[in-house]
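All chains are named by letter (A, B, ...) in the order of the sequence lines, taking the proteins before the strands, and each is independently numbered beginning at 1. The analysis underlying the following values was restricted to heavy atoms, covering all of them including side chains, and did not include hydrogens, waters or symmetry mates.
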Amino acid sequence: MKTHWIGDVISGNHDQSEVHLKGWIHRSRGSKRLRFVVLRDSTGTVQCVIKRDVVGDDAFETVESALIESSVEISGMAIPTDREHGHEVQVSDIRIIGPVDPSRPFPITESAMAEADGGETEFLLDNRHLYLRTGRMTTMLKIRSSVFGAIHSYFRERDFIEYQAPNFVAGAVEGGSTLFEVPYFGRKAFLTQSWQLYAEAAMPALERLYTIAPSFRAEKSRTRRHLTEFWHAEMEIAWSGNEEVMNHGGGLVRHIARTLLNERSDELESLGRDLKLIERYASSDYPRMRYDEAIERLKAKGVQVEWGQDLDYSKEKILTEDFEVPHFLTHYPKIAKPFYHRPDPEDPRYVLCHDLLAPEGYGEIIGGGERTWSESEILERIDEEGTPVEPYEFYIDVRRYGGVPHGGFGLGVDRVCAWLAGADHIRETIPFPRDSRRVTP
RNA sequence: GCCGACAUAGCUUAGUUGGUGGAGCGGCGGACUGUUAAUCCGCAGGUCGCAGGUUCGAGUCCUGCUGUCGGCGCCA
């Protein structure tokens with residue numbers, strides 16, 4: 001057990017009192033009589049001053065030979081100092097707990113980090129398990145934790161029920177090409193792409209539900225926005241339409257930004273993020289634009305685009321240039337979206353859907369909308385698309401027994417982390433990223 | 001699936017028109033200091049991704065393969 005934390009020492013909470021620290025050697029330098037060990041734990045780093053005539057020859061020489069990332073236990077006096085750290089520890093006793101073998105020194109060196117600079121080299125990806133303990137990654141993981149916490153608190157404060165769907169599934173949500181197929185006792189199963197269809201099944205029971213769960217997409221995407229395994233925050237709400245769902249989407253994203261300002265402003269600044277920007281994301285309304293207007297804007301900018309096309313990333317990016325905050329795109333043409341989107345009763349060429357596009361080129365972070373909720377409409381839509389009915393019988397049953405208006409959205413948690421942290425790549429936000437070319441370590 | 005780059009020590013890299021591969025960091029040995037990515041001196045460490053080819057001679061030129069990175073499409 002630990003009794004003292006470095007974060008408290010550097011905050012001055014322990015000045016002039018005895019502390020017992022446990023952590024890892026971040027840096028070490030010194031001479032025959034005096035040694036400075038920069039000690040790291042999960043809460044920060046602090047300089048520890050070790051004098052030969054205080055700790056004795058044996059302890060001093062042990063520390064002298066201890067390599068970076070050796071784990072140690074230190075006793076000493078925390079003191080304020082006018083040197084650059086503000087606070088340091090005058091060590092009275094030090095013990096190596098887990099040494100590092102000099103024939104295999106810690107491989108993540110300054111030079112390995114220097115070129116990476118946010119991007120990630122093959123070497124750092126291969127040594128991800130060790131890269132996790134570096135400053136930048138630790139900071140990202142703390143921000144990530146707060147994002148997850150914010151999602152839970154947003155929904156729970158509004159009486160949503162957390163609900164879990166299976167990860168092995170038999171059918172697709174989107175087109176089948178992006179499913180991971182897995183052998184399943186002589187049959188085929190797939191890894192889920194979305195919680196949505198199973199959430200709709202529980203909608204008449206729970207009415208307001210959400211989850212944070214992994215989703216899997218076998219896309220050979222090679223972009224800074226894609227993972228094959230990503231964390232998907234999804235919600236489903238009964239008796240609600242596109243508007244209400246969209247209100248929750250904007251509300252959730254603002255709440256995440258606000259939570260980061262409250263809990264992780266130091267971490268955001270250490271990544272070079274401008275807090276004014278996050279404040280703007282936390283307090284602004286997000287504008288809404290219909291698909292048709294987006295097409296007109298694109299045409300006015302001289303972009304080649306035709307009505308009915310889905311908007312790809314290059315076009316989204318041009319649209320987001322006009323906004324300093326996330327914005328919604330709504331009412332896509334029916335032909336560009338799958339059957340579960342409900343056609344707009346006021347103009348059935350469109351569906352009641354929305355995407356939320358993050359600014360700064362981070363792309364789509366939410367996709368959602370109102371579901372096709374009556375039996376006759378869903379059968380008609382499935383037929384129109386030529387989709388086989390059989391795998392969706394359970395989904396259609398939801399409409400056969402007391403269908404009600406409902407909708408929901410899915411939010412890409414890793415993308416939100418990347419955007420708010422200002423990461424160069426979505427990989428930076430997840431401990432062990434999975435993409436089409438990497439499943440290790 | 002498509003397009004474009006790259007591959008030299010544990011890491012980051014230099015390597016000229018083809019002529020026996022250098023450095024910084026890290027490690028080891030030593031010196032020295034309330035040091036700040038400490039500094040200084042020395043040592044070890046390389047099948048130049050793999051396989052062919054051209055050449056008297058290939059890290060360098062050519063072909064193929066493998067791996068990685070970046071971009072597009074698809075999407076969260």
Side-chain angles (χ1 to χ4, degrees), chain A residues 26-38 45 47-51 64-65 67-69 81-85 88 90 100-117 119-127 130-131 135 173-178 193-196 212-234 249 253 309-317 336-338 355-358 362-368 409-419 424-427 429-430 435-438:
Chain A
H26 178 64
R27 292 288 178 271
S28 180
R29 48 180 172 261
S31 64
K32 283 274 179 231
R33 286 187 222 120
L34 185 61
R35 188 128 205 112
F36 304 97
V37 166
V38 179
T45 59
Q47 174 161 282
C48 301
V49 184
I50 299 143
K51 292 175 174 156
E64 245 184 336
S65 63
L67 266 48
I68 284 174
E69 291 304 318
T81 163
D82 47 14
R83 295 179 215 284
E84 71 185 64
H85 309 285
E88 59 184 29
Q90 294 287 343
V100 172
D101 184 344
S103 67
R104 290 182 274 103
F106 192 68
I108 315 282
T109 59
E110 294 285 349
S111 56
M113 300 283 294
E115 286 295 313
D117 191 32
E120 286 149 320
T121 60
E122 180 185 355
F123 175 77
L124 292 179
L125 289 165
D126 285 341
N127 288 279
L130 301 176
Y131 182 56
V173 178
E174 320 274 344
S177 62
T178 63
Q193 299 172 300
S194 168
W195 162 95
Q196 180 194 324
I212 308 177
S215 283
F216 306 89
R217 305 229 171 135
E219 293 158 350
K220 290 188 177 171
S221 309
R222 301 199 46 75
T223 80
R224 55 190 64 198
R225 307 179 304 284
H226 284 85
L227 296 167
T228 51
E229 175 181 349
F230 69 96
W231 285 80
H232 211 171
E234 299 184 80
V253 173
Q309 270 188 314
D310 207 352
L311 299 176
D312 59 43
Y313 177 68
S314 63
K315 299 184 184 68
E316 283 177 2
K317 206 171 171 184
K337 291 286 178 182
D355 288 350
L356 182 63
L357 307 182
Y362 283 92
E364 187 178 336
I365 50 174
I366 280 181
F409 66 78
L411 173 144
V413 183
D414 319 275
R415 280 190 185 174
V416 169
C417 292
W419 162 51
D424 292 331
H425 200 296
I426 193 168
R427 268 197 312 242
T429 68
I430 185 165
D435 63 33
S436 60
R437 297 202 189 172
R438 182 175 286 279

Point to revise | Test log, rule salt bridge (charged side-chain N to carboxylate O under 4.0 Å, His left out), inputs A:R222 and A:D435 | key: CA-CA 8 Å; A:R222 301 199 46 75; A:D435 63 33; 5.3 Å; no

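Out of B:G34, B:G26, B:U12, the shortest distance to the side chain of A:L34 is found at B:G34.
A:I365 comes within contact range of the sugar-phosphate backbone alone, with a heavy-atom separation under 4.0 Å but no base atom that close. Counting non-hydrogen atoms under 4.0 angstrom, A:F123 reaches the backbone sugars and phosphates but no base. Using a 4.0 Å heavy-atom criterion, one finds that A:E122 contacts the sugar-phosphate atoms exclusively. Using a 4.0 Å heavy-atom distance criterion, A:L67 is classed as a sugar-phosphate-only contact. Across all strands shown, A:I68 has no heavy atoms under 4.0 Å from either base or sugar-phosphate atoms. A:K51 comes within contact range of at least one nucleobase, with a heavy-atom separation under 4.0 Å. Across all strands shown, A:R83 has heavy atoms under 4.0 Å from base atoms, whether or not it also approaches the sugar-phosphate. Within the nucleic acid shown, A:R224 comes within 4.0 Å of sugar-phosphate atoms alone, with no base atom in reach, counting heavy atoms only. Looking at heavy-atom distances under 4.0 Å, A:E229 makes no contact with the nucleic acid at all. Within 4.0 Å of A:V416, counting heavy atoms only, lies no atom of the nucleic acid at all. Contact annotation for A:D310: backbone-only contact, meaning every heavy-atom pair under 4.0 Å involves sugar-phosphate atoms and none involves a base.
In this model, a side-chain donor or acceptor of A:S221 finds a partner on the base of B:C74 within 3.5 Å. The base of B:C32 does not come close enough to the side chain of A:R33 for any donor and acceptor atom to sit less than 3.5 Å apart. For A:S314 against B:G73, no side-chain N or O and base N or O form a donor-acceptor pair under 3.5 Å.
Remark: A:R225 is positioned above the aromatic ring of A:Y313, its terminal NZ or CZ atom under 6.0 angstrom from the ring centre and at most 45 degrees off the axis.
With both ends at atom P, the span from B:U60 to B:A14 equals 16 Å, rounded to whole Å. Atom P of B:G53 sits at a distance of 24 Å from the matching atom of B:G67, rounded to the whole Å. Across the C1' atoms, B:U13 and B:C28 are found 23 Å apart, a figure rounded to whole Å. Comparing B:C25 with B:G45, their C1' atoms are spaced 14 Å from each other, to the whole Å. One P atom belongs to B:G59, the other to B:G21, and the distance between them is 8 Å to the nearest Å. Across B:U68 and B:U35, the matching C1' atoms stand 40 Å from one another, rounded to whole Å. B:C48 sits 25 Å from B:A5 when the P atoms are compared, rounded to a whole Å. Comparing B:A44 with B:G10, their P atoms are spaced 16 Å from each other, to the whole Å.
Annotation: of the two residues near RNA chain B, A:S65 and A:R438, the 5′-most nearest-nucleotide partner is A:S65.
Considering all non-hydrogen atoms of both residues, A:V100 and A:I68 come closest at CG2-O, 3.7 Å. Closest approach of A:R217 and A:Q193 over heavy atoms only: NH2-O, 3.0 Å.
Within the 4.0 Å cut-off from OP1 or OP2 of B:G70, at least one side-chain nitrogen or oxygen of A:R427 is found. Residue A:T121 places none of its side-chain N or O atoms closer than 4.0 Å to OP1 or OP2 of B:U68.
Base pairing analysis places B:C28 opposite B:G42; the two distances defining the Watson-Crick or G-U wobble pair are each below 3.5 Å. Pairing partner, B:C6: B:G67, with both Watson-Crick or wobble hydrogen-bond distances short of 3.5 Å. For B:A58, there is no paired nucleotide, since no Watson-Crick or G-U wobble pair has both relevant distances below 3.5 Å.
Within the model, atoms CD1 of A:I365 and CG of A:L356 stand 4.5 Å from one another, a figure rounded to the nearest 0.5 Å. Here the straight-line distance linking atom CG of A:D310 with atom NZ of A:K337 works out to 5.0 Å at 0.5 Å rounding.
Remark: ring of A:Y313 does not overlap the six-membered base ring of B:G73 in a stacked fashion, as centroids less than 5.5 Å apart with planes less than 30° apart are not both met.
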